[in-house]
Enquirer: 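The following block contains the structure, expressed as structure tokens.
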Amino acid sequence: MNIEKIRVRFAPSPTGYIHVGNARTALFNWLFARQNKGVFVLRVEDTDVERSREEYERRLIDDLRWMGLDWDEGPDAGGNFGPYRQSQRLDIYQGYTQKLLQEGKAYYCFCSTEQLEKERETALAAGTMPIYSGRCRVLDPGEAERRIRSGEKAAVRLKVPDEGLISFDDLIRGHLEFDLKLIGDPVLVRSTGFPAYNYAVVIDDHLMKITHVVRGEDHISNTPRQILTYRALSLEPPLFAHLAMVMGKDNTRLSKRHGATAVDQFAIEGYLAPAFFNYLALLGWAPPEGREVLEKAELLELFDLKKVSRSAAIFDYEKLHWINRQHIKKLDPGGKARRAFPFLADAGLLPEAMTEVHWRWLEKAAESLMEGVDKFSELPQKFSLLFDFTPLALDEEAKSILKSESAPKVITAFAQKLERAGGLDYAKYAAIIEEIKKETGIKGKALFHPLRVALTARTSGLELDKFIPLVEEGARLSFPRPIKSCLERVRETKKHLESKAADI
RNA sequence: GCCCCUGUCGUCUAGCCAGGUCUAGGACACCGCCCUUUCAAGGCAGCAACACGGGUUCGAAUCCCGUCGGGGGCGCCA
């Protein structure tokens, strides 16, 4: 095959939301096209009128874009080989069908669905592969033509040789062979006049000058049928590469039960698109150097379609989370704040109208609080450290810290000094800590644990020297849910300690 | 049932094609230690796999055969 310019396509059917398996197929196609300076085509396979919906096509395009993919030709992008929706190409298929019929390479099939279904069941019961009997193949073409003209409905089937072997060389799997005895005459055109999948792909891939078909392994057994169709039309088939499936944790087909599987869910839950992209590339492929956290450009350089694994991969959220954390870490403070904002605003923690000061505060807060976050949907929970302060709802560990011997001394001393100091900043805080150490002789955990509980009402969270400025600055800003200053917090804790000393 | 694909740590994988350098490498997760006023992050170490059985060979994760497991297909779905 003489390939001048590599052209690949992603050809989803708009019958539902795009899931990770398809997304990975799209990604590999894109990577392969872009690294070879080729063309990436998006083709919508909407020949299943019952299930195809326009809404799904829009969502599909949105999801693909979110992932960071783009295409040179497609229903929205145009191109010289359109239209890119199969439902708009019906007349094109018809031309080819006529040709096949005239040349005697295809024939009308008048069998009813019930009839076929019965035959299939019989075959299955007999323990053989259900193959179309070829009953209508022997019909006189003139007679068939008359029946059609008189208004009878019929499908069109391809004549498949009864004997022989058909083979092709898969880019990933190598040489594959199939026995023609086990391939029945496939339906090319349904009695509704709509082309069947196996037929439309062949014509479209040819007309769109596709050089490499990269798709899921569920299409392996379709490939011989398609090659047969290419032959009947005297066309040269493209090269094929069949990708292994993506499975769920329990090694069954990925479904909702495994967590998010539709691509838009990953956006909603707050995964970074480049991280999602990165992780998907790692499903069935490994970078040669072993460094796995990679940007798009690096992936483009390193990816190798021929090195893609032949066995199915299990989608692992743990690893996705790790990849996502690594990508979050690479973001600058502004970037972190921008990404965090929608999640925090939706949770009612941030005002819709953010001032410049708000943004600067958010940048600082995000820098500290986004560490170790798997996905942004965890952010409201993380930020509640700043926004929620309820000394009434302490857990057991916090209570026991307050009950310790040093706690009342530390908190009382801290409260007194804080009252006198007014506000608090890092320098004042450090000075106060020093004074308390000197006056009480308490230091280390005995000093910091009670302070942490007094200020945050929790036993874990940020380092206090990061926490204090955030809270103090935050207290001066207006938020839908105001942030309490350190002074307010200590006062409340103290009051709580005194009033309910017995039962904390 | 029949056909096809596939089988290395729990998971993603390197190695397999061109058999020895593999006491099987890396990453996630897990466990431990260090760092640290907590958590996290970071650093260091550890646990952990050639599905099984036969061959071929001086030698097999690598080649051959079989078994078993997993997946896909067998549609007028795509």
Side-chain angles (χ1 to χ4, degrees), chain A residues 11-13 15 45-48 50-52 86 109 111-113 116-117 120 123-132 153-157 170 172-174 176-179 181-184 186-198 200-201 215-224 242 244-245 247 249 251-253 279 282-293 307 309-323 325 329 368-369 371-373 382 385 397 401 433 443-453 456 458-465:
Chain A
S13 57
T15 53
E45 310 219 319
D46 55 350
T47 53
D48 183 347
E50 309 274 294
R51 297 192 299 146
S52 294
Q86 289 186 330
C109 173
C111 297
S112 70
T113 320
L116 294 171
E117 187 53 39
R120 193 170 303 126
L124 244 23
T128 55
M129 221 160 136
I131 296 162
Y132 176 61
K153 294 283 177 217
V156 177
R157 285 184 190 268
D170 191 283
I172 294 170
R173 278 150 222 284
L176 262 27
E177 263 182 7
F178 301 84
D179 191 341
K181 277 201 277 281
L182 300 167
I183 300 175
V187 167
L188 263 23
V189 183
R190 294 182 266 220
S191 50
T192 57
F194 269 71
Y197 163 78
N198 276 313
V201 246
R215 66 203 338 180
E217 114 185 291
D218 45 341
H219 287 292
I220 288 183
S221 56
N222 282 144
T223 309
H242 288 97
M245 305 274 91
M247 314 294 283
K249 190 95 195 153
N251 218 341
T252 60
R253 237 189 157 133
Y279 177 67
L282 257 27
L283 272 183
W285 172 80
E289 304 297 324
R291 199 165 53 90
E292 293 184 314
V293 181
K307 293 282 223 172
S309 166
R310 284 158 307 180
S311 56
I314 291 174
F315 193 91
D316 181 11
Y317 289 90
E318 294 288 355
K319 184 125 186 187
L320 204 216
H321 286 159
W322 178 74
I323 296 272
R325 289 200 298 268
K329 205 180 289 179
S368 305
L369 287 165
E371 245 184 57
V373 164
K382 274 268 181 184
L385 175 72
E397 199 191 343
I401 288 172
I433 294 297
K443 58 183 178 174
K445 286 184 185 179
L447 170 62
F448 289 102
H449 280 178
L451 274 185
R452 169 176 299 283
V453 175
T456 70
R458 310 167 195 220
T459 50
S460 70
L462 285 179
E463 286 104 328
L464 289 179
D465 51 357

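Reminder, nothing fancy here: chain letters follow the sequence lines and each chain counts from 1. Keep in mind it's a predicted model, so treat the numbers as computed, not measured.
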Enquirer: Determine the interatomic distance between C1' on B/C50 and the same-named atom on B/G7; round to the nearest Å.
Expert: 10 Å

Enquirer: Give the B/S/- string for nucleotides 35-42 of chain B, one per nucleotide from 5' to 3', where a protein heavy atom under 4.0 Å of the base yields B, of only the sugar-phosphate yields S, and otherwise -.
Expert: --BBBBSS

Enquirer: Any side-chain N or O of A/Thr47 below 4.0 angstrom from OP1/OP2 of B/C77?
Expert: no

Enquirer: Is A/Arg291 near enough to B/G26 that one of its side-chain N or O atoms lies under 4.0 angstrom from OP1 or OP2?
Expert: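 Checking B/G26 against A/Arg291, no side-chain N or O comes under 4.0 Å of OP1 or OP2.
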
Enquirer: Which base, if any, makes a Watson-Crick or G-U wobble pair with B/A78, both distances under 3.5 Å?
Expert: none

Enquirer: Where the side chain of A/Asn222 is concerned, which of B/A78, B/G15, B/C12 is the nearest nucleotide?
Expert: B/A78

Enquirer: Looking at B/G15, I'd like to know if its phosphate oxygens (OP1 or OP2) sit under 4.0 Å from a side-chain N or O belonging to A/Lys307.
Expert: yes

Enquirer: Please state the C1' separation for the pair B/A60 and B/A78 - nearest whole angstrom.
Expert: 43 Å

Enquirer: Choose from B/U11, B/C77, B/U6 the nucleotide whose nearest atom is closest to any side-chain atom of A/Arg190.
Expert: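 Out of B/U11, B/C77, B/U6, the nucleotide with an atom closest to A/Arg190's side chain is B/C77.
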
Enquirer: Would you find a donor on one side and an acceptor on the other, under 3.5 Å apart, between the side chain of A/Arg310 and the backbone of A/His242?
Expert: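 Not confirmed, A/Arg310 side chain does not pair with A/His242 backbone.
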
Enquirer: What orientation do A/Tyr317 and A/His321 show, parallel under 30°, tilted 30 to 60°, or perpendicular over 60°?
Expert: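 A/Tyr317 vs A/His321 ring planes: tilted.
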
Enquirer: In whole Å, what separates the P atom of B/C68 from that of B/G59?
Expert: 29 Å

Enquirer: Looking at every strand, decide which applies to A/Ser311 at a 4.0 Å heavy-atom threshold: base, sugar-phosphate, or nothing.
Expert: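 Sugar-phosphate contact only.
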
Enquirer: Between the protein and nucleotides 61-71 of chain B, are there any N/O to N/O pairs under 3.5 Å, and if so, what are the atom names and distances?
Expert:
residue : atom : partner  : partner atom : Å
B/G70   : O2'  : A/Asn251 : OD1          : 3.4

Enquirer: Just the atom pairs and distances: protein N or O near nucleotides 44-46 of chain B's N or O, under 3.5 Å.
Expert:
none

Enquirer: Output the single nucleotide from B/C28, B/A78, B/C76 whose closest atom is nearest the side chain of A/Lys319.
Expert: B/C28

Enquirer: Which nucleotide wins on minimum distance to the side chain of A/Leu182, given the candidates B/U6, B/C76, B/C2?
Expert: B/C2

